Undergrad: 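Right, I'll just put the structure down here and ask away after.
Letters A, B, ... mirror the listed sequences (proteins, then strands); counts begin at 1. What you see is a predicted model; the values in this text were computed from it and never measured.
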Number of protein chains: 2
Amino acid sequence: MANVFVCSGRDEVPRWQEAFAGAVQVGPDQARARVGAGDLAWVMSNLPGWSELVAGLRRQGATLVVMSYLPSSREAFQALDAGARGYVHALSPPELFRQVELVTTHQGIWVPPELLARVVGGTFQALGGEVRLQDDVLAELTERERAVALAVARGESNKEVARRLDITERTVKAHLGAVFRKLGIRDRMQLVLRLSHQSISLADPGQ
Amino acid sequence: MANVFVCSGRDEVPRWQEAFAGAVQVGPDQARARVGAGDLAWVMSNLPGWSELVAGLRRQGATLVVMSYLPSSREAFQALDAGARGYVHALSPPELFRQVELVTTHQGIWVPPELLARVVGGTFQALGGEVRLQDDVLAELTERERAVALAVARGESNKEVARRLDITERTVKAHLGAVFRKLGIRDRMQLVLRLSHQSISLADPGQ
DNA sequence: AAGCCCACTGTCCTGATGGACATAACGCAC
DNA sequence: GTGCGTTATGTCCATCAGGACAGTGGGCTT
């Protein structure tokens, strides 16, 4: 069973290589040629006609997972409807990729926890694991540190946070430094990645 | 993490013991008492008020799987709606039980393949199906700009990107500047947010 | 009272970031 | 050939980010 990543050009996502040693990266056309029964194919949703590609590879006996840079519940439906067993953020950490592999190759379905609610049923309430994980991350922070962390995670600058919380920029830095230390990260970028992937965001615009 | 089978009286399904050595078999009442966070609870759908039981145990932090003697897509829906992560035939072979365990404890969803199409399809239809949104933020970028944008979105610094793409840090800045201009954003943080989660609302509308 | 955690602020300093000027090569279309 | 877009690079500079030193004051526990 091979892991095949289907994307346009060379999307250059070493994360895939990081997650799966023997991963192959191909274009849509090669995908149709070399993907067969038992293979696990990961298809980027920014490819033109990706859903048809997914359906096609599905008929060839492959297991499909759709990756997206902008996950939405709607696209998730489309993916599952086309025959995909999984739908995941393209920038997910390697461990998550392996988890998705595990689930999908065992007849399971995998969709991001934050989209789960919308994918199955209208009132589906399965906001489990990841959300709790998120709580734990924020739990070790103090009130102020959490406020600063969240503001920063929304893309605000130190100055903006300072204005919002009505404190000095220096104080923002102090809290932020504590956040970095406690979470074991080095800068705000890591923070956004940490907070936005397994996110609290039950928000998904979804439209 | 314990496997707990919830059923009325003594349903006597040795298959469960066969699948999981340390499996416990209890009634609905004991279930509420002893099932906690991290446990995997298997609930029979012939119990009166099983969906409320599922929802309750879900709130207690358990992972839920509903078992049925007469699986139907309607009941599957009900199960998932109540917060179950899995829905299987009660008389499935031990290997299948273990597979379901594997999937559901890894944030996956498991429903019988023959019901899959109807469960997912039905949901999809209900939401108005075919809609084309998110014509890629990345589409308007050139090859190199996209590569830089993606690397930055993974949290890499300009220097790291430069090394990775084997170009000068100055060039990275140039591409990045173009990305910012084209996407109408001001810094790398906005970029991560665009690519990571779109318009997250990490709570706090900001007093 | 002494110790600790939290919120807040200060200065100094290094390195990263992004914009505003440029220049120059290449390929492609008109 | 003349333009245009893409890639690549350069210098200069204002700002931002984050760490390394600080310090004060309040509240809580022992």
Side-chain angles (χ1 to χ4, degrees), chain A residues 7-13 27 46 91 135-196, chain B residues 135-196 200 202-204 206-207:
Chain A
C7 55
S8 59
R10 22 200 162 351
D11 266 32
E12 177 106 46
V13 180
N46 59 6
L91 299 179
D135 278 336
D136 289 345
V137 173
L138 294 176
E140 28 181 337
L141 303 180
T142 67
E143 188 71 30
R144 280 315 237 184
E145 288 165 354
R146 196 175 312 125
V148 170
L150 289 176
V152 166
R154 278 197 304 272
E156 295 183 19
S157 70
N158 288 346
K159 192 170 296 192
E160 289 170 322
V161 177
R163 261 198 301 273
R164 169 186 302 282
L165 300 182
D166 195 38
I167 52 179
T168 322
E169 192 179 337
R170 176 63 192 86
T171 308
V172 173
K173 289 185 180 182
H175 289 313
L176 205 45
V179 172
F180 293 157
R181 189 166 31 75
K182 287 183 178 177
L183 301 188
I185 53 183
R186 14 179 249 293
D187 55 32
R188 60 216 290 115
M189 294 292 280
Q190 309 291 323
L191 183 60
V192 201
L193 293 174
R194 186 68 88 79
L195 292 184
S196 57
Chain B
D135 247 79
D136 243 30
V137 186
L138 299 175
E140 35 181 333
L141 303 181
T142 68
E143 187 72 29
R144 288 307 246 182
E145 288 166 355
R146 196 177 312 127
V148 171
L150 289 177
V152 166
R154 281 196 300 274
E156 294 183 19
S157 69
N158 289 345
K159 193 168 297 190
E160 289 170 320
V161 178
R163 261 198 299 276
R164 171 183 302 282
L165 299 182
D166 196 36
I167 51 179
T168 322
E169 191 179 339
R170 179 61 192 84
T171 308
V172 173
K173 289 184 181 179
H175 289 311
L176 204 46
V179 171
F180 293 157
R181 187 166 33 77
K182 287 183 178 177
L183 301 188
I185 53 183
R186 67 169 197 276
D187 57 31
R188 59 215 294 117
M189 293 291 286
Q190 308 290 323
L191 183 59
V192 191
L193 292 173
R194 271 288 181 90
L195 295 184
S196 282
I200 310 179
L202 290 168
D204 182 5
Q207 59 276 112

Undergrad: Grab the two heavy atoms, one from Asn158(B) and one from Leu176(B), that are nearest each other, plus how far apart they are.
TA: OD1-CD2, 3.5 Å

Undergrad: How bent is the helix from dA1(C)-dT30(D) to dC30(C)-dG1(D), comparing axes over its five end pairs at each side, to the nearest 10°?
TA: 30°

Undergrad: Anything under 4.0 Å to a heavy atom of chain B counts; send over the first and last such nucleotide of DNA chain D, read 5' to 3'.
TA: dT6(D) to dT11(D)

Undergrad: Could you pull out the protein-nucleic contacts involving nucleotides 25-30 of chain C (nitrogen or oxygen on both sides, under 3.5 Å)?
TA:
none

Undergrad: Check Leu165(B) against Ala147(B) and note the closest heavy-atom contact, atom names and distance.
TA: CD1-CB, 4.2 Å

Undergrad: Under the rule for salt bridge (Lys or Arg N to Asp or Glu O under 4.0 Å), what residues qualify as partners of Arg144(A), not counting sequence neighbours?
TA: none

Undergrad: Set out, line by line, the N/O atom pairs under 3.5 Å between protein and nucleotides 6-8 of chain C.
TA:
unit_1 : atom_1 : unit_2    : atom_2 : d
dA7(C) : OP1    : Thr142(A) : OG1    : 3.4
dA7(C) : OP1    : Arg144(A) : N      : 3.4
dA7(C) : OP2    : Thr142(A) : OG1    : 2.6
dC8(C) : OP1    : Arg144(A) : NE     : 3.4
dC8(C) : OP1    : Arg144(A) : NH2    : 3.1
dC8(C) : OP2    : Arg144(A) : NE     : 2.8
dC8(C) : OP2    : His175(A) : NE2    : 3.2

Undergrad: Verify, without hydrogens or angle tests, whether Asp187(B) (side chain) and Gln190(B) (backbone) share a donor-acceptor contact under 3.5 angstrom.
TA: yes

Undergrad: Closest approach of Ala153(A) and Val192(A), non-hydrogen atoms and distance?
TA: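 Nearest heavy atoms, Ala153(A) then Val192(A): O-CG1, 3.9 Å.
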
Undergrad: For residues 167-182 of chain A, which residue pairs qualify under side chain to side chain donor-acceptor pair (under 3.5 Å), counting only residues two or more places apart or in two chains?
TA: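 Non-adjacent pairs meeting side chain to side chain donor-acceptor pair (under 3.5 Å): Glu145(A)-Lys182(A).
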
Undergrad: Just so I know, are the side chains of Val172(B) and Lys159(B) near enough to count as touching, which here means a heavy-atom distance under 4.5 Å?
TA: no

Undergrad: Looking at CG of Leu191(A) and CD1 of Ile185(A), how far apart are the two atoms once the value is rounded to the nearest 0.5 Å?
TA: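 One finds 4.5 Å between CG of Leu191(A) and CD1 of Ile185(A).
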
Undergrad: Pairs under 3.5 angstrom, nitrogen or oxygen only, protein versus nucleotides 17-22 of chain C, please.
TA:
unit_1  : atom_1 : unit_2    : atom_2 : d
dT17(C) : OP1    : Arg188(B) : NH2    : 3.3
dT17(C) : OP2    : Asn158(B) : N      : 3.1
dG18(C) : OP1    : Arg188(B) : N      : 3.1
dG18(C) : OP2    : Arg188(B) : NH1    : 2.7
dG18(C) : N7     : Lys173(B) : NZ     : 3.3
dG18(C) : O6     : Lys173(B) : NZ     : 3.4
dA20(C) : N6     : Arg170(B) : NH2    : 3.1

Undergrad: Nearest heavy-atom pair of Val161(B) and Ala151(B): which atoms, and what distance?
TA: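 Distance-wise, the nearest heavy atoms are CG2-CB, 3.7 Å.
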
Undergrad: List for me each residue that meets side chain to side chain contact (heavy atoms under 4.5 Å, CB included) alongside Glu160(A), sequence neighbours excluded, and say none if there are none.
TA: Glu156(A), Ser157(A), Arg163(A), Arg186(B)

